Each structure stands twice: as structure tokens, then as C-alpha cells.
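Just below is one structure, and these are the notes that go with it.
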2 protein chains.
Amino acid sequence: MPDEPTLHNQPPARKQQQRSIVTQQKLLDAAVEAFSENGFKGTSTRDIAERAGVHHPLITYHFKNKDQLWRAAADYVFGTFTESLSNALDEYKEQDPKQRMSALIHTYVKYARAQPALHKVMVQEASYPNARLDWLIERHLKPIFTVTFGMLEKLQQLGVAVPGNPALLFNMIRLSSGGLLALGNELKASSGIDIDDPKTLNEISEMIVRVFLPGKMPARRPDSAN
Amino acid sequence: MPDEPTLHNQPPARKQQQRSIVTQQKLLDAAVEAFSENGFKGTSTRDIAERAGVHHPLITYHFKNKDQLWRAAADYVFGTFTESLSNALDEYKEQDPKQRMSALIHTYVKYARAQPALHKVMVQEASYPNARLDWLIERHLKPIFTVTFGMLEKLQQLGVAVPGNPALLFNMIRLSSGGLLALGNELKASSGIDIDDPKTLNEISEMIVRVFLPGKMPARRPDSAN
DNA sequence: CCCTTTTGGTCCACTTTGGAAAAAAATTGA
DNA sequence: TCAATTTTTTTCCAAAGTGGACCAAAAGGG
């Protein structure tokens with residue numbers, strides 16, 4: 001994604017320099033961190049630049065303004081996330097639906113640990129009606145949701161996933177993974193859960209599967225794959 | 001709680017006036033809303049005063065400073081919440097453990113709908129290590145957690161709650177209710193879930209019970225109550 | 001009707017805000 | 001090598017916002 005200039009849509013007469021890419025990436029990382037901690041309003045561009053170790057006018061240069069920077073940061077987080085999901089799906093495409101969904105959940109948990117902003121940003125933006133929220137939903141959430149949604153419905157029909165409104169089911173799974181990991185600092189102090197321990201991550205995804213997908217896959221009929 | 005002056009610990013020579021109580025309450029409501037939307041850092045006292053429809057120096061008068069106001073607001077939200085929980089527990093004290101836990105979950109969902117700040121504030125404060133977070137955990141979270149925690153362990157022994165780390169179990173329940181409702185604005189647009197519909201709330205708490213407490217209570221032996 | 005509590009209005013000293021502008025430096029491609 | 005271009009540095013701005021102090025006016029209590 002950051003291969004070509006983020007801003008200039010005119011044909012670049014000369015190719016982008018390496019240091020520019022580095023700067024953009026530093027700014028994106030810093031932006032993700034800052035926005036997820038303090039929300040859009042609560043974050044200043046200077047704060048972001050400082051975290052990135054970069055002079056603040058570079059934000060204007062690379063991303064035009066605060067709003068565009070936010071969008072670029074969201075694209076970065078959710079784009080990478082979507083990629084992880086579809087990689088997992090690809091890797092397990094030969095497996096049965098339950099294993100595929102388990103792989104998705106496991107990927108979700110791992111990603112949410114590495115990038116808690118995934119959930120924090122949602123909570124921040126969902127706080128009040130908001131153009132950024134709408135943009136985020138249309139651009140990133142819906143595509144993920146509809147796919148996962150369909151998989152869950154099928155699992156319900158197979159008697160693997162618990163019955164009930166699949167939309168609710170999906171969002172509960174989502175919160176039990178992403179939402180849980182977003183509370184990192186709190187969980188250790190309040191419940192003794194250490195999300196830095198890799199065992200904990202496994203425990204989490206296994207529990208999610210056990211709870212939300214309690215059924216066994218019916219014996220596979222040799223003709224029908226999915 | 002707001003019966004006596006929030007600030008002055010000296011004996012009040014004269015009792016607090018009614019309008020003062022009203023002002024404090026307006027400020028508390030506004031503070032909860034603002035803090036949950038924009039976090040501590042992202043919220044200005046002037047913003048709070050404006051939402052409350054009150055002149056901003058009144059914050060200094062009633063709560064001394066921004067930090068004290070935040071704590072008073074947290075006390076208000078979590079105090080009321082704890083009260084709701086123990087009322088529910090009280091109301092169902094004759095019932096079996098599963099019904100009691102179901103009542104707790106239902107109360108949680110209802111409260112989280114009325115006061116989404118319950119979860120939002122946690123996400124905000126858990127974003128980075130933080131004195132307010134520690135204060136909140138010690139003062140409000142731990143008491144609730146230890147009680148609920150014990151109930152869950154018992155339900156696991158009875159084969160009602162799903163097995164596994166009870167701390168994880170507890171937090172997943174917590175996120176499937178409070179965390180879910182904190183996303184209100186998003187859920188409608190992304191998944192078609194309308195949390196303003198009372199039916200939805202019932203659906204949520206019922207699904208949580210079905211998922212996390214799938215077992216039936218064993219036939220009650222006449223001698224042992226709990 | 002006096003005295004306390006509460007509020008309104010004003011002021012302050014200071015920081016922070018997002019962004020503009022232009023000069024300087026680094027890199028590219030020929 | 002060197003001119004054109006990209007990227008960074010430095011400086012500046014006007015505006016708004018910051019938490020909080022202060023005091024006179026108003027309201028309410030006893």
C-alpha cells in the first residue's frame with residue numbers, strides 16, 4: 001500500500017525516495033497508536049509527529065491534513081487485518097468449515113494482540129455519529145462482516161455454531177477476541193490475565209471456539225465439499 | 001451519593017441547596033458523556049460545562065478540578081452499576097445459581113444500554129498505563145469481579161457454565177454484553193443490530209446465557225441451598 | 001433579615017491547535 | 001557531474017482553547 005505516494009495522484013515525475021517511505025510508515029504507526037489512545041479529537045498532529053520522531057509539518061507534506069492521516073492509518077490497520085484473514089482462509093481452504101472458522105478466530109486473536117488499535121479505534125469512533133465511522137464501516141467492516149457472517153450461518157445449519165441471530169453471534173465472537181485484547185492493561189490488574197503470555201492467546205481462541213462453536217462437524221459426505 | 005457536598009469535608013454550617021444538587025448532577029451526566037466520548041485528555045472542562053448548560057467555573061466550585069470531576073463521574077457510573085447488580089442479586093436470592101447469574105447478565109445488558117460509558121471509559125483508560133485506571137480497578141472493578149468470579153466457578157463445578165479459565169470466561173461475558181452495547185452506533189450500520197429495540201436486549205442476554213451457561217442445573221437436593 | 005451557599009461574569013497567563021511558507025538538504029536521473 | 005525534483009528543516013502565524021483564580025451579584029436557609 002505505501003508503495004506509491006499516498007497523496008499525489010498526479011504522475012510522479014520521479015520515483016518516491018526510500019526515506020520518504022520510512023517517514024510515512026513511522027507516521028502511520030505513530031498515528032495508529034495516538035488515535036487509538038486518545039481518539040481523533042484528543043490527538044494532535046504534533047503528538048503524532050513527536051511519537052514518530054519527525055517534524056510535524058511532514059504530516060502536511062505526506063498526508064495533507066489530520067483527517068487524511070487518520071484515513072491512511074485506518075487503511076493501514078484494517079487493510080493488514082483483512083489480508084491476515086484472507087491468508088488464513090486461503091491456508092485452510094481444504095479444511096472443513098469449523099476448522100476454517102477456528103483459523104479465522106485464531107488469526108483475529110493474534111492480530112488483535114499485535115494491533116489492539118483494531119478494536120480501540122472502533123470504540124472511539126462509534127462513540128458518536130461520525131463521518132469517519134461511516135467511512136470505516138463501508139470501506140472495511142462490511143466486506144469482512146458479510147463473508148464471516150455467511151460462514152457462521154452455514155455453521156449454524158450444520159449444528160456446529162450455537163443457534164440464534166447470526167449477526168449477534170458474530171459480534172460476540174468479535175468482542176470476545178478483539179474487545180478482550182483491547183483491555184490489555186486492565187485485564188492483568190483486574191483479573192490476572194496476562195495477554196503477553198502466548199499461552200493466554202491460545203487459551204482465548206480455544207475458549208471462543210469451545211463456547212461459540214460447540215458442535216462437532218457431521219461426518220463428511222464424500223461428494224459435497226462445502 | 002450526591003446527598004452531601006462532594007468536595008467540602010468540613011462540617012457544612014448550612015445544608016446543601018437543591019439547585020446545587022441539580023447542578024452537580026448535570027455536571028456529572030455531562031462529564032460521563034464527554035469523558036466516554038473523548039477520553040480524559042480529549043475532554044475539556046469547558047466542553048463539559050457547555051453540555052451541562054452551566055458556567056464552567058462551577059466545575060471548580062463543585063469538584064475542585066478536572067481530575068476530581070472525573071473520579072466523581074466514575075463513582076457515579078460504577079456506583080450505580082454496582083447497586084443495580086446487588087439489587088438484582090437480592091431479588092433473585094431464592095433462585096438457583098443459574099437463574100441468579102442470568103439475572104446478573106440481564107441487568108448488565110440493561111445497564112450497559114442505558115449507560116454505555118460503563119465500557120467506553122474502561123477502553124479509554126486502559127489504553128495506556130494510568131493512575132485513574134488503577135484507581136478504577138481497585139475501587140470499583142475488583143469488588144464486582146471477585147463476587148461474579150466466585151459465582152462462575154461454582155456454576156462451572158455444577159456443569160452449567162462452560163469449562164476453562166473462569167477469569168477469561170467472566171471477561172468474555174462482560175464484553176459480549178457491555179462491550180457489544182458500547183458499539184451501538186456501529187452495530188446498526190454494520191450488522192443491522194438495533195440496540196434501541198428492547199427485543200434486541202433480550203436477545204442479547206438470552207444468547208449470552210445460552211452460550212456461556214449451556215448446562216442445566218442438576219436436580220436440586222432438598223438439603224443444600226447453595 | 002442576616003448570613004451562607006451558589007452562581008454569573010470576567011480575566012488571566014499560557015499552551016496548543018492545524019496549517020502555511022520558504023529556505024535548506026538530500027536524492028534522483030541523465 | 002549537475003540540474004531538476006523530492007523531502008526535510010526551520011520559522012512563523014492567527015486563532016482557539018487550556019485550567020483555574022477572583023469577586024460581585026443573586027438565591028436560599030434559618
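Each chain gets a letter, A, B and so on, in the order the sequences are listed, and its residues count up from 1. Heavy atoms only: backbone and side chains are in, while hydrogens, waters and symmetry mates are out. None of these values were measured; they are calculated from a predicted model.
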Take the protein atom [atom1] of [X] and the nucleotide atom [atom2] of [N], then report the distance between them rounded to whole Å.
X      : N       : atom1 : atom2 : answer
D47(B) : dA16(D) : CG    : P     : 17 Å
K66(A) : dA16(D) : NZ    : P     : 16 Å
Y61(B) : dT6(C)  : OH    : C1'   : 5 Å
I59(A) : dT9(D)  : CD1   : P     : 13 Å
K41(A) : dT16(C) : NZ    : C1'   : 14 Å
Q16(B) : dA27(D) : CD    : C1'   : 15 Å
L58(B) : dA21(D) : CG    : P     : 14 Å
K15(A) : dA4(D)  : NZ    : C1'   : 17 Å

Which residue, G42(A) or P57(A), contacts DNA chain C at a nucleotide closer to its 5' end, judged by nearest heavy atom?
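Final value for this comparison: G42(A).
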One thing to verify: whether D47(A) and R51(A) come together as a salt bridge, which I'm taking to mean a side-chain N less than 4.0 angstrom from a carboxylate O.
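Yes, this pair counts.
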Salt bridge check, D196(A) against R113(A): does any charged N sit closer than 4.0 Å to a carboxylate O?
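So R113(A) pairs with D196(A) through a salt bridge.
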Given [options], which nucleotide is nearest the side-chain atoms of [X]?
X      : options                  : result
H62(B) : dT7(C), dA21(D), dT10(D) : dT7(C)
S20(A) : dT7(D), dA20(C), dG8(C)  : dT7(D)
R19(B) : dG19(D), dT5(C), dT8(D)  : dT5(C)
H55(A) : dA26(D), dG19(C), dT9(D) : dT9(D)

Would you indicate whether Y92(A), at its atom OH, is surrounded by more than 12 heavy atoms from other residues, nucleotides or ligands within a distance under 6.0 Å?
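12 or below, so no.
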Is the CD atom of Q99(B) crowded by more than 12 outside heavy atoms at less than 6.0 Å?
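Counting other residues, nucleotides and ligands, CD of Q99(B) exceeds 12 neighbours.
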Could one point to a donor on the side chain of H56(B) or the base of dG19(D) with an acceptor on the other under 3.5 Å away?
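Checked by distance alone, the answer is no.
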Is a donor-acceptor contact shorter than 3.5 angstrom present between the side chain of R46(B) and the base of dG19(D)?
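It does, because a donor-acceptor pair links the side chain of R46(B) to the base of dG19(D) below 3.5 Å.
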If you find the nucleotide of DNA chain D closest to S44(B) and the one closest to Q18(A), which residue's nucleotide is nearer the 5' end?
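Nearer the 5' end of the strand: Q18(A).
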First encountered from the 5' end of DNA chain D, between Q17(A) and D67(B):
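Its nearest nucleotide being more 5', the pick is Q17(A).
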Taking OP1 and OP2 of dT18(D), is either one under 4.0 Å from a side-chain nitrogen or oxygen of T45(B)?
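No, T45(B) has no side-chain N/O under 4.0 Å of OP1/OP2 on dT18(D).
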With no hydrogens and no angle check, just 3.5 Å: does a side-chain donor-acceptor pair link T60(A) and N65(A)?
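No, no side-chain donor-acceptor pair sits under 3.5 Å.
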